[in-house]
Amino acid sequence: MITRQLLAATLVATAALLITSGCAVTRGQESVGAYIDDATITTQIKSRFVESKAVDAASIHIETLNGTVLLSGFAKSSNERSTAESIARNVSGVKAVRNEIAVRP
């Protein structure tokens, strides 16, 4: 139940972000379509993190630019770090993953 609420909140937040940004394109992106694709990838990864019991979604930050995903933040173990990377790699549209998650003892 909580997972559904978190997923719904994530989707609403993403929709609000897309609406408020209008047709803005950030530096380094080629088109509005690329911006929307990147936002969709980020949302899908975050949703899968929330669904996974092996990853603390609140501790990992996700940024996507032209299909390249940057993971940063903190993990409790190297297993959590590698699971987060694996989840990100398996999302449609992801071209590459840079895993900069630090493992806290």
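From a predicted model like this one, the values you see are computed outputs, not experimental measurements.
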Shortest non-hydrogen contact from G67 toward I41: CA-CD1, 4.3 Å
S52 side chain vs F49 backbone, donor-acceptor pair below 3.5 Å: no
Atom pair CZ (R48) and OG1 (T83), whose distance is rounded to the nearest 0.5 Å: 14.0 Å
Same apolar cluster: V91 and I62, side chain cutoff 4.5 Å: yes
Short side-chain to backbone donor-acceptor contact, T40 and I36, under 3.5 Å: yes
Value rounded to 0.5 Å, distance of OG in S86 from CZ in R89: 8.5 Å
CD1 on I45 to CD on E85, rounded to 0.5 Å: 11.0 Å
Minimum heavy-atom distance D38-N66, with the two atoms named: OD2-N, 2.7 Å
Euclidean distance, R104 CZ relative to S59 OG, rounded to 0.5 Å: 7.5 Å
V94-V55 co-clustered via ILVMFWY side chain contacts under 4.5 Å: yes
N90 CG to Q44 CD distance, which is reported to the nearest 0.5 Å: 12.0 Å
Side-chain heavy-atom pair E100, L70 within 4.5 angstrom cut-off: yes
Nearest heavy atoms of A84 and I101, plus distance in Å: CB-CD1, 3.9 Å
Nearest heavy atoms of N99 and R81, plus distance in Å: O-NH2, 3.0 Å
hydrophobic_cluster_shared for V50 and I60, side chain cutoff 4.5 Å: no
Closest non-hydrogen atom pair, K76 against E80: N-OE1, 2.7 Å
